[in-house]
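These numbers come from the heavy atoms of this one structure, side chains and all, not from hydrogens, waters or symmetry mates. Note on naming: letters A, B, ... go to the chains in the order of the sequence lines (proteins, then strands), and numbering restarts at 1 for each one.
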Number of protein chains: 2
Amino acid sequence: MKNVISIGIRNPINRLDFVYMQREIISIANSIVEEAVVGLLCTNFPESLGVADLGCSSGPNTFIISSEIIDIVHATSCRLGHPVPELRVSLNDLPGNDFNCIFKALPEFYKKLKEEGGGFDQCFVSGVAGSFYGRLFPSKSLHFVHSSSSLHWLSQVPPGLDSKEGIPLNKGKLYLSETSPVRVVKAYLSQFHKDFSLFLKSRAKEMVPGGRMVLSFMGRRDIHPTTQQSCFQWELLALALMSLASEGLVEEEKIDSFNAPYYAPCPEEVKFVVQTDGSFLIDRLETFEFYWDDQMRTEFEELSSGQRVAKTVRAVVESMLECHFEREILDVLFRRYGEIVDDHLSRNRAMYVDLVVSLIRIG
Amino acid sequence: MKNVISIGIRNPINRLDFVYMQREIISIANSIVEEAVVGLLCTNFPESLGVADLGCSSGPNTFIISSEIIDIVHATSCRLGHPVPELRVSLNDLPGNDFNCIFKALPEFYKKLKEEGGGFDQCFVSGVAGSFYGRLFPSKSLHFVHSSSSLHWLSQVPPGLDSKEGIPLNKGKLYLSETSPVRVVKAYLSQFHKDFSLFLKSRAKEMVPGGRMVLSFMGRRDIHPTTQQSCFQWELLALALMSLASEGLVEEEKIDSFNAPYYAPCPEEVKFVVQTDGSFLIDRLETFEFYWDDQMRTEFEELSSGQRVAKTVRAVVESMLECHFEREILDVLFRRYGEIVDDHLSRNRAMYVDLVVSLIRIG
């Protein structure tokens with residue numbers, strides 16, 4: 001289950017569907033990124049600035065955040081009367097990510113930099129493959145760390161989702177649900193706690209004192225982990241699968257034994273892990289809401305809302321499902337899912353919640 | 001012509017043929033690499049050691065040199081009673097190189113490191129895509145630079161190989177030859193001088209004072225650039241092409257207008273560029289000779305010497321030829337080439353010359 005994210009977006013046909021959603025999230029976090037980078041440069045202006053984008057993926061969005069950071073650094077340097085620092089940009093994703101695609105786009109990226117920004121011939125991009133739930137970079141080498149739409153993916157499916165006898169506890173569901181037993185809820189929270197702690201510990205070693213980090217990921221406002229905001233896209237996908245099971249197209253046991261390596265935390269849970277770790281100070285912690293079907297409204301006008309949502313969700317989760325279910329059912333599944341989402345949206349305006357947290361390395 | 005090297009070895013079928021030759025070259029340079037790394041650590045032991053492998057390619061050899069450097073650093077640290085430094089390993093090749101293949105092998109590489117070497121959990125590998133004839137790395141970030149079998153490739157086919165009227169001067173040849181006009185010889189030398197200067201200038205900025213660099217590449221002993229040692233594999237390949245032309249399979253004009261972006265310098269030429277640049281001191285400069293057909297003798301016993309040479313040369317130059325000639329002629333061409341090489345080797349024992357130069361960053 002470890003390669004889920006990068007396998008998901010490796011499929012070039014689906015990648016674009018995911019792009020719109022991811023871009024909306026990047027733009028939400030943009031002003032917070034700007035504030036953090038400006039704050040960093042005002043308190044401690046380095047000669048050589050280390051920046052990392054964790055879970056950078058590969059595709060049209062890969063260089064968006066780097067370009068924005070470069071623009072902010074350039075503008076701030078000019079305002080402060082400092083020469084533009086040397087920039088070391090590390091792009092990270094899992095080893096299964098398509099780094100070849102990133103590197104092929106690199107000459108064009110460098111060319112644009114030279115044409116647009118005076119003084120920016122000193123930008124060095126490198127690719128770093130590995131899980132951010134562990135060390136990735138040399139000690140104290142980073143000043144600014146960014147991650148968008150990645151940290152809601154756990155390092156693994158939480159252990160402990162079966163009974164002692166090996167019977168799946170989270171029957172008929174893919175993620176947390178109102179019907180999920182407490183043990184399942186606890187297992188998910190515990191895995192999030194473990195993963196996010198390890199993430200912070202690793203970054204704490206890699207960042208300089210005063211370094212800044214802006215993370216955005218799917219979350220929830222509500223304290224209760226089975227609230228609709230955090231679970232309902234999975235709930236409806238489970239419904240679609242169960243309806244296929246009722247027609248004999250999928251074995252129900254297969255659905256019972258599948259659980260997504262995903263967790264949408266609430267602000268309090270994030271705060272708790274950061275405070276327990278103790279290496280970072282929370283500068284800002286914001287929640288944003290956006291409608292399920294908003295991000296592709298203009299690009300896919302001919303599709304119903306439900307079909308648009310189905311396209312986006314398919315782009316992200318297809319590879320995971322493929323490993324567990326038969327590849328052949330996917331078209332039917334996502335058509336059915338689109339119908340169920342349409343029905344749901346005819347009665348509700350469903351929202352995703354995105355958490356953005358801005359952190360300062362203490363020390 | 002810029003992507004020749006990495007395109008050449010991207011073909012997985014051919015890659016293995018090249019591997020044997022490259023491995024022989026790596027093993028020749030090995031004791032010089034060891035001497036340089038030990039020398040580096042004895043004079044200036046850093047907490048964090050930056051290592052770059054330029055033109056790392058992708059395949060079974062990619063991690064050989066990194067593994068050897070790690071072993072040397074580990075052994076030397078223990079001998080000197082120092083804790084093992086943090087290691088930053090940058091693997092560089094052109095943007096067309098298969099970095100995905102490298103990154104997929106990375107988890108296994110890290111696993112082996114942890115199992116074998118105590119204390120080596122602090123190794124951080126990154127991929128850097130770009131031409132080494134220009135800046136690749138941040139200022140003063142590298143302690144040891146290595147490059148094997150790459151620097152004989154020029155950044156481009158030298159300009160000035162046509163007459164004022166646009167008529168090719170190097171008729172019937174692919175590289176320097178006894179029949180090449182003086183202007184062609186000068187154009188090649190001038191391109192080598194320009195490229196190698198730019199290489200040294202770029203590395204000088206990236207390396208710390210006292211940093212070491214070991215480069216090995218194809219060269220010649222003889223002062224004359226058209227000596228058989230440096231040219232004859234190209235001379236015979238041109239012969240094979242011309243014999244296809246005589247049968248109407250290739251247009252002679254196509255052969256006239258093709259020139260390899262390659263240069264095999266002599267030690268004096270290397271020395272001259274290093275001394276003119278002035279940033280590096282030559283610690284050692286050695287030439288090694290090895291037989292054309294030695295490297296794959298045990299692996300491909302069933303093949304004639306000529307066919308073995310043809311396999312190796314094909315692996316390296318196929319992609320270049322493909323861009324210029326018809327893809328369809330390649331099988332015939334390399335069969336013919338093998339026969340010509342066999343004939344040549346029945347009367348001569350042809351040698352390649354490999355130059356290894358060990359440099360110290362002054363300052």
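- One distance of note links NZ of K104(B) with CG of N97(A); it measures 10.0 Å at 0.5 Å rounding.
- Counting heavy atoms from C-beta outward, S48(A) and S139(B) have side chains that stay 4.5 Å or more apart.
- In this structure, no portion of I102(B) lies under 4.5 Å from any heavy atom of chain A.
- E47(A) contributes atom CD, which lies 9.0 Å from atom NZ of K140(B) (distance to the nearest 0.5 angstrom).
- Using a distance-only test at 3.5 Å, with no hydrogens or angles considered, no donor-acceptor pair links the side chain of N100(B) to the main chain of D98(A).
- Comparing A129(A), G127(A), S131(A) by how many heavy-atom pairs each has under 4.5 Å with chain B, the most go to G127(A).
- Both the backbone and the side chain of P138(A) have a heavy atom closer than 4.5 Å to some heavy atom of chain B.
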Show, in sequence, the C-alpha distance, side-chain angles and deciding distance for F99(A) and F99(B), and conclude whether the ring pair (Phe, Tyr, Trp, His ring centres under 6.0 Å) test is met.
CA-CA 7 Å; F99(A) 281 95; F99(B) 280 95; 8.8 Å; no
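- S126(A) contributes atom OG, which lies 11.0 Å from atom CG of L91(B) (distance to the nearest 0.5 angstrom).
- To the nearest 0.5 Å, the span separating CZ on R135(A) from CZ on F124(B) amounts to 4.0 Å.
- The candidate from L136(A), V125(A), L106(A), N92(A) with the greatest count of non-hydrogen atom pairs under 4.5 Å with chain B is L136(A).
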